[in-house]
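A short write-up of the structure that comes next.
Within every chain, numbering begins at 1; the chains are lettered A, B, ... in the order of the sequence lines, protein sequences first and strands thereafter. Values below: all heavy atoms of this structure, side chains included; hydrogens, waters and symmetry mates excluded.
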There are 2 protein chains.
Amino acid sequence: MRITYKGDYALKTILGLALHYGNSPTTINDLARRADIPTKFLEQILLDLKRGGFVESRRGKIGGYLLARAPSQIKLGEVIRFVDGPVEPIACAGKKYSGCNDVYKCVFRKIWQDVSLATSKIIDNITFEELAKNIKDKGPVYTYQI
Amino acid sequence: MRITYKGDYALKTILGLALHYGNSPTTINDLARRADIPTKFLEQILLDLKRGGFVESRRGKIGGYLLARAPSQIKLGEVIRFVDGPVEPIACAGKKYSGCNDVYKCVFRKIWQDVSLATSKIIDNITFEELAKNIKDKGPVYTYQI
DNA sequence: TGTATACTCTACTATTATGATAGAGATTAT
DNA sequence: ATAATCTCTATCATAATAGTAGAGTATACA
Ligand code: FES
Ligand code: FES
């Protein structure tokens, strides 16, 4: 797994929205400014996240973005997988693969699968509700640093 | 962490040499053919591995490559880190980093550090001796499939 | 109904990493 | 000598990444 800037930005954006959950929509500009993301890049990322069912949007005045689900229902792993792809460190760790000469004898495959599993256990075990709580616990958030 | 072809090839090559440990040198061509690696690419990789202290070479006739250390003294993690770089999924998981606006408040950093640690525990806990043993246990190896 | 605000969509671009390939040169056993 | 083998530097093609640009669409509200 490699987290790209796009993935990093996506996570920070979802977290930004999680911190606003229940309130009015947040504009792309707000999200971009607060997490220090290039606005036009974030536009594309948000469209992706919308297609992925993570966020909703409102157009026009007082428009912006909202989470499509409660923060407690969005796991870190879901988002990162959607944006940056599978977490395995090499393609052959995946289920259907036949690259190796004899994949059944390959001693590395199991190792990469172990790594994938260990990674999944971490990222699929934390929701944006918990992340948001962590942030809030760190003190009053005026201009929160995501 | 993402395992590149170069990293994958390096691991397979070291394993190939581990299976030959104690015997005469193995040529680049042999190693390339047996693990299905482009010869000229493997040349470069082996030069790297040599600089990294993993292998030794003999030039001229009956030349080739040998492991510089016993297979039991070479961990998977060492090789992959040398060839493909640090295992962390994002740079900010590293010790010295100041990219985030407020890195001390960043809730993601700990997660990526957890992932790095879990990965390290796996790859730093297996040597090429064990990998070679696994291969040998799978039956007689005529043309071994790495 | 006009207009400002804000999302939507497609295309384009620059940079870098990856995965090689090419070829001349150096060393060594026989 | 010479054949086999490693050594070194340069070059190249492709794809992914990280953006940028700009025209278009929807909505609130005066
Ligand atoms: S199946 Fe991936 S290295 Fe063998
Ligand atoms: S320090 Fe890496 S996402 Fe914050």
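Checking A/G63 against A/R51, the closest nucleotide of DNA chain C that is more toward the 5' end is the one next to A/G63.
At a threshold of 4.0 angstrom between heavy atoms, the contacts of B/I62 are confined to the sugar-phosphate backbone, with no base atom among them. Residue contacts shown for B/I28 are limited to sugar-phosphate atoms, with no base heavy atom under 4.0 Å away.
For the atom pair CD1 of B/I126 and CD1 of A/I111, the computed distance is 4.0 Å after rounding to the nearest 0.5 Å. Of the inter-residue distances, the one linking A/I45 atom CD1 with A/I28 atom CD1 reads 10.5 Å to the nearest 0.5 angstrom. The line from CG of B/D30 to OG1 of B/T13 is 11.5 Å long, rounded to the nearest 0.5 Å. The CG atom of B/L15 lies 5.0 Å from the CD1 atom of B/I135; values are rounded to the nearest 0.5 Å.
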Pairs under 3.5 Å (N/O, protein and nucleotides 24-28 of chain C):
{"from": "C/dA26", "atom 1": "N3", "to": "B/R59", "atom 2": "NH2", "distance (Å)": "3.3"}
{"from": "C/dT27", "atom 1": "O4'", "to": "B/R59", "atom 2": "NE", "distance (Å)": "2.9"}
{"from": "C/dT27", "atom 1": "O4'", "to": "B/R59", "atom 2": "NH2", "distance (Å)": "3.0"}
{"from": "C/dT28", "atom 1": "O2", "to": "B/K61", "atom 2": "N", "distance (Å)": "3.4"}

Please list each protein N or O that sits under 3.5 Å from an N or O in nucleotides 13-16 of chain C, with the distance.
none

Dump every N/O contact between nucleotides 17-20 of chain C and the protein below 3.5 Å, one line per pair.
{"from": "C/dG19", "atom 1": "OP1", "to": "B/Y5", "atom 2": "N", "distance (Å)": "3.4"}
{"from": "C/dG19", "atom 1": "OP2", "to": "B/Y5", "atom 2": "N", "distance (Å)": "3.1"}
{"from": "C/dA20", "atom 1": "OP2", "to": "B/Y9", "atom 2": "OH", "distance (Å)": "2.8"}

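Between the C1' atom of C/dC7 and the NZ atom of A/K50 lies a distance of 7 Å, rounded to the nearest Å. Rounded to an integer number of Å, the gap from A/D48 CG to C/dC7 C1' is 15 Å.
The side-chain hydrogen bond (donor to acceptor under 3.5 Å, both in side chains) check on A/E78 picks up A/R69, with sequence neighbours excluded.
Hydrophobic clustering (ILVMFWY, side-chain heavy atoms < 4.5 Å, transitive): B/F82 and B/L66 are in distinct clusters.
When DNA chain D is scanned 5' to 3' for any atom under 4.0 Å from a heavy atom of chain A, the first and last hits are D/dT17 to D/dA28.
For residues 112-133 of chain A, no residue pair satisfies the ring-ring contact (aromatic ring centres under 6.0 Å, His included) rule, not counting sequence neighbours.
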- Message: Working note: B/Q113 + B/S116, criterion side chain to side chain donor-acceptor pair (under 3.5 Å); need CA distance, chi angles, decisive distance, verdict.
- Response: CA-CA 5 Å; B/Q113 288 174 337; B/S116 306; over 6 Å; no
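Closest heavy-atom contact between A/G63 and A/T27: O-CG2, 3.8 Å.
A donor-acceptor pair under 3.5 Å links the side-chain atoms of A/E130 to the main chain of A/T127, judged by distance alone. In this structure a side-chain-to-backbone donor-acceptor pair under 3.5 Å is missing from A/R59 to A/G64. Counting only distance, with no hydrogens or angles, the side chain of B/R81 and the backbone of B/V87 share no donor-acceptor pair below 3.5 Å.
Each of A/Q44, A/K50, A/R51 was checked for a side chain to side chain donor-acceptor pair (under 3.5 Å) with A/D48, and the lone residue meeting it is A/R51.
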